[in-house]
Each structure stands twice: as structure tokens, then as C-alpha cells.
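Step one of this worksheet: look at the structure below.
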Amino acid sequence: MGTGHYFWAIFYFASLCSASLANNAKINFREKEKKVLDQILGAGKYDARIRPSGINGTENLPTYVYVNMFLRSISKIDDYKMEYSVQLTFREQWTDERLKFDDIQGRLKYLTLTEANRVWMPDLFFSNEKEGHFHNIIMPNVYIRIFPNGSVLYSIRISLTLACPMNLKLYPLDRQICSLRMASYGWTTNDLVFLWKEGDPVQVVKNLHLPRFTLEKFLTDYCNSKTNTGEYSCLKVDLLFKREFSYYLIQIYIPCCMLVIVSWVSFWLDQGAVPARVSLGVTTLLTMATQTSGINASLPPVSYTKAIDVWTGVCLTFVFGALLEFALVNYASRSDMHKDNIKKKRRDLEQASLDAASDLLDTDSNATFAMKPLVRHPADPLALEKLRQCEVHMQPPKRPNCCKTWLSKFPTRSKRIDVISRITFPLVFALFNLVYWSTYLFREEEDE
């Protein structure tokens, strides 16, 4: 009985000792992290001003920094300012052999820091940046991981507004290439070289949505630059954006077509309806001018002609032409009226002269006239000669011209102008659309 109690007492004591040792080991492990940080980053042991050595501690080789990023969102692409805004997680990775430490048999995978000034950092900057800021809500979105082999991973979330020079000749049927450029500010390629991380250096969020663009693809490349102070390492990402045409089709192209077609309604109104035709022409012209001004207000003033300029310019010309057509019709109508008045006066004068002559004949009842025979004798040589001339000049009738026959149905010139305009304006506008779309859509395919 005493032996059993003794056994259970020993077992209980051994359990307490093992739990105490486990707790001590855990506490010692956290203390080990602190000791490692103090050991590698303590005062007088690490100088963040000195760049790391090259590969395998080689002093005469540059430090290689591998870069990758994750594009979280692209908020806007501004055509007027020629810029775009992007939010990304930016990462850099390099090796600093001064930061090597013992991983305690694999239990210490890495050390985490949130203060970037504790270790050496590459002097990277975004060369086409206009504005930028870090994210500090709730805590600063930045961390540094130090691995046992001395590898350092730096990650930060930043928002940037970057310059994007655009070629708007094919606007709005265009594609734009916006670049993200990163370069070393002070270290030359003899000391610091940026490289893209192998594999997939640039990743894009899957549900990326842009209001008026589509991100077709992106390309990574190098853009080292030489100045009078040396050669500097540079990386760039080219983002290829395709403009969504459906928005411009609904907002610009269809309304302009409707305005042009509405301006043709005046061709079907009576030429005497002056107020209606003038109001219609002036209203469509002012509306088209307002539409053109609104389009140009959202675009930068450039020295070349854009595709949208050709479209709005031709539509404005058609509307203005419809207004000028009414001016021509009005002038022709007044001219026709003037000619009709002259003919009427002439007929009145002729009728008055005939009436006066008949009055004179009636008063002179004794007057006699020598009447020549209407038909000469067949043997008369003069009559035969006249007959031969008539035979020579007689020709078979010509085929009637269909256009002239059709236009002859409209007796006045003003009406003929309206009828010709009803056919000419739509045909010319249709021909313009054929040339316009075939030209710019073909050029768009060439740019691809």
C-alpha cells in the first residue's frame, strides 16, 4: 500500500517537472528571438548605412535586389492630365550576410521588423511618379522579414499617381501603354542592380474593374539609364489598356448621328415654312456645337487631329450644310417668284398689244391684203428645195434622260434643290461612315 502511494507521488512529481521544463523552454525560445535581434542589430554591430556585400560576400560585386509586386487596384486613368492611379503591394528581396543567425534547429523561421531604418534599404524610387502615399490604417502596412541565411524581404502597400503620356490620334478607338518605372537614385550599377524575381514578378488582382478601360496585358522589362554620373539600374512594367468603345458609342456617336439626321428633316418641310426650317437648323447646329465643346473639354489640347475630331467636325459640317441648303432654297424660291412675275408682266404686255392691234383691224374694215398661197405647186423648184432641207434636218427623236424627266416633275428650282438634298446628304453621310470606320478600325488592328 505504501509502495503504491510512493509510485503515484513520483509520477505526479515527474509530470510537474516536465510541464515546468516545457514552459521554461517556450520562454527561453522567445528570449532567444530577442537575443538574436540584439545580436545582429545591436549597437555597434550593424551599420545600416553600409550596403551589403555581393554574392558570397564578394566585395567587388554589386548587391542584387529582386523585385516583385501585386497590383491591388487601378482607380482611374485621366486622359486630360495624362496620368493614372494605382495601389500595389511592393516587395524587394536581397541578401545581407551580416544578418545571418541560428534558426534553433528550424524552429525560428524568420524575424519580423516594422522599422525599415534598422537595416540597409535600397534607394529605389518611382521615376514617373507624380504623387504617392503610404497606408497607416490601422497600423503602418509595412514589414521586414529576416531569414536565417541573411535574406531580407521588404514589403509595403503604397498608392501612386503616375504619369502616362498618351497618343490620342485614334481616340476613342485607341490603346494606351502606361508604364511603372523603378530605378536606383544614388547607387550605380557597380553597387546596386535591380532584377525581376523569377517566375511571376507582377501579379494582378482577379476582379480588377476599370470604368472605361480594360487591362489587356502587361510586360516587364529593364530600362537602365546612363547619365554623366554613371549608369543606374531601372525596372519597368508596361500596362496595355484598351479603351471601352461602348461608352463612347452611346454617349457621342449615336447622338451625333441623330442630330445629323434630324437636320435633314428640313428638306421635307415646305419651302414657305421659314420659321420652322430656320429654328430646326439653328437648334441642331447649336446642339452639335455644344456636344463638340463638351467632348473637347474632357481632352487635353493637342497639336494633332484625333479620330473624334474628324467625326464631330464632319457631323458639324453636315448640320451646317443643311442650314445653308435652306438659305439656297430660299434664294432660289425668291428668284423663281421674281421670274414668274416678269413672265406674267410680259404676257400682260403682249396681251395688251394684241388687243390694241385687233382694235385697229376692226376699225379699218376697207383694208385689203395680198395673200400668198400656203401650198406651192409641186413643179416649183423653190418648194422642192425647201422640202429637201426639211428632210436633212429631220432626225429620229433622242432617248429621254431619266434624271431630267424625273426632275421635270418639280417645276421650280427650289423644289429641285430640296429633292436632290434628300438623296445627296444621306448618301454622302453613309459614304463617310464607311470610310471612317474602315479606316480607324483597320488602324486599330494594325496597332495590335
Side chain to side chain donor-acceptor pair (under 3.5 Å) between Gln93 and Ser151, worked out: CA-CA 7 Å; Gln93 193 166 6; Ser151 178; 3.2 Å; yes
Give me the atom names and distance for the closest heavy-atom approach of Leu162 to Glu129. CD2-CA, 3.6 Å
I'd like to know if Asp123 pairs up with Arg51 as an ion pair, taking the criterion as any Lys NZ or Arg NE/NH1/NH2 lying under 4.0 Å from an Asp or Glu carboxylate oxygen. no
Any chance you could lay out the salt bridge (charged side-chain N to carboxylate O under 4.0 Å, His left out) test for Asp418 and Arg277, step after step, and finish with the verdict? CA-CA 12 Å; Asp418 271 341; Arg277 296 186 69 162; 3.0 Å; yes
Has Tyr222 got more than 12 heavy atoms of other residues, nucleotides or ligands less than 6.0 Å from its OH? yes
Hey, are the side chains of Tyr66 and Tyr64 touching, using non-hydrogen atoms and a 4.5 Å cut-off? yes
Checking Arg243 against Phe245: charged group under 6.0 Å from the ring centre and within 45 degrees of the axis? no
Looking at every non-hydrogen atom in both residues, tell me the closest pair between His209 and Asn207 and how far apart they are. CD2-O, 3.2 Å
With a 4.5 Å cut-off on side-chain heavy atoms, are Ser184 and Leu192 touching? yes
Worked check of side chain to side chain donor-acceptor pair (under 3.5 Å) between Tyr46 and Arg118: CA-CA 9 Å; Tyr46 184 87; Arg118 297 289 301 275; over 6 Å; no
Rounded to the nearest 0.5 Å, what's the gap from OG on Ser293 to CE on Met288? Could you check? 10.0 Å
Flag side-chain contact, heavy atom, 4.5 Å: Tyr436 against Tyr440: yes
pair Tyr154-Val142: side-chain heavy atoms closer than 4.5 Å: yes
Which heavy atom of Ala289 sits nearest a heavy atom of Leu316, and at what distance? N-CD1, 4.0 Å
Heavy-atom closest pair, residues Phe101 and Leu99: CD2-O, 3.4 Å
Derivation and outcome, disulfide (SG to SG under 2.5 Å), residues Cys223 and Cys234: CA-CA 5 Å; Cys223 54; Cys234 175; 2.0 Å; yes
So does Glu92 pair up with Lys197, basic N to acidic O under 4.0 Å? no
For the student: nearest non-hydrogen atoms of Ala116 and Ile144, plus distance: CA-CD1, 3.4 Å
From CD (Gln176) to OH (Tyr84), nearest 0.5 Å: 12.5 Å
Would you call Trp94 and Trp120 a side-chain contact if the rule is heavy atoms closer than 4.5 Å? yes
Going by an N to O cut-off under 4.0 Å, is there a salt bridge joining Asp238 and Lys236? yes
Taking side chain as C-beta onward, heavy atoms only, is Val152 less than 4.5 Å from Thr95? no
Test your reading of the model: is there a side-chain donor-acceptor pair from Ser298 to the backbone of Ile295, 3.5 Å cut-off? yes
Donor-acceptor contact present, side-chain Asp309 to main-chain Lys306, <3.5 Å: yes
Only one of Phe126, Phe125, Phe70 passes ring-ring contact (aromatic ring centres under 6.0 Å, His included) with Phe90; say which it is. Phe126
Does atom OH (Tyr80) have a neighbourhood of more than 12 heavy atoms from anything else shown, all under 6.0 Å? no
Verdict with supporting geometry, Asp174 and Leu168, side chain to side chain contact (heavy atoms under 4.5 Å, CB included): CA-CA 7 Å; Asp174 58 334; Leu168 300 174; 3.9 Å; yes
Apply side chain to side chain contact (heavy atoms under 4.5 Å, CB included) to the pair Lys100 and Ile40, showing each step before the final yes or no. CA-CA 8 Å; Lys100 288 183 177 180; Ile40 61 178; over 6 Å; no
Working note: Glu325 + Ser421, criterion side chain to side chain donor-acceptor pair (under 3.5 Å); need CA distance, chi angles, decisive distance, verdict. CA-CA 8 Å; Glu325 188 269 349; Ser421 299; 3.3 Å; yes
Main chain of Thr292, side chain of Asn296: is a donor-acceptor contact present, judged purely on distance under 3.5 Å? yes
Counting neighbours of NZ on Lys130 that are heavy atoms of other residues, nucleotides or ligands and sit closer than 6.0 Å, is the number greater than 12? yes
Given the ring of Trp264, does Arg422 sit roughly above its face, with NZ or CZ under 6.0 Å from the centre of the six-membered ring and within 45° of the axis? no
Derivation of the salt bridge (charged side-chain N to carboxylate O under 4.0 Å, His left out) call for Lys109 and Asp103: CA-CA 6 Å; Lys109 294 183 178 180; Asp103 60 353; over 6 Å; no
When every non-hydrogen atom of Met182 is compared with those of Leu124, the smallest separation belongs to CB-CD1, 3.8 Å
Can you tell me how far apart CG (Leu219) and CG (Leu239) are? Round to the nearest 0.5 Å. 9.0 Å
For the pair Phe432 and Phe318, name the ring-plane relationship: parallel under 30°, tilted 30 to 60°, perpendicular over 60°. tilted
How long is the gap from OG1 on Thr112 to OH on Tyr143, to the nearest 0.5 Å? 8.5 Å
Taking the side chain from Ser279 and the backbone from Ala276, do they hold a donor-acceptor pair closer than 3.5 Å? no
Using only heavy-atom distances, determine whether the side chains of Thr227 and Thr229 contain a donor-acceptor pair under 3.5 Å. yes
Check step by step if disulfide (SG to SG under 2.5 Å) holds for Cys178 and Cys164. CA-CA 5 Å; Cys178 295; Cys164 179; 2.0 Å; yes
Could you tell me whether the side chain of Asn141 and the main chain of Met139 form a donor-acceptor pair under 3.5 Å? yes
Quick one: does Leu153's side chain get under 4.5 Å of Phe147's, heavy atoms only? yes
Compare all side-chain heavy atoms of Glu83 with those of Lys76 and state whether any distance is below 4.5 angstrom. yes
Nearest 0.5 Å please: distance from the CG atom of Leu328 over to the CG atom of Leu323. 12.0 Å
So, Arg212 and Glu244, do they make that salt bridge, N to O below 4.0 Å? no
Can you tell me how far apart CH2 (Trp311) and OH (Tyr253) are? Round to the nearest 0.5 Å. 7.0 Å
Asp191/Thr63 under side chain to side chain contact (heavy atoms under 4.5 Å, CB included): CA gap, chis, key distance, verdict: CA-CA 6 Å; Asp191 299 312; Thr63 301; over 6 Å; no
Does Arg145 make a cation-pi contact with Tyr110 (under 6.0 Å, within 45 degrees of the axis)? yes
Donor-acceptor check, side chain of Asn128 to backbone of Ser179, threshold 3.5 angstrom: yes or no? yes
For Ser85 and Thr161, indicate whether the former's side chain and the latter's backbone hold a donor-acceptor pair under 3.5 Å. no
Yes or no on side chain to side chain contact (heavy atoms under 4.5 Å, CB included) for Leu215 and Leu208, after CA distance, side-chain angles and deciding distance? CA-CA 8 Å; Leu215 179 61; Leu208 179 65; 3.8 Å; yes
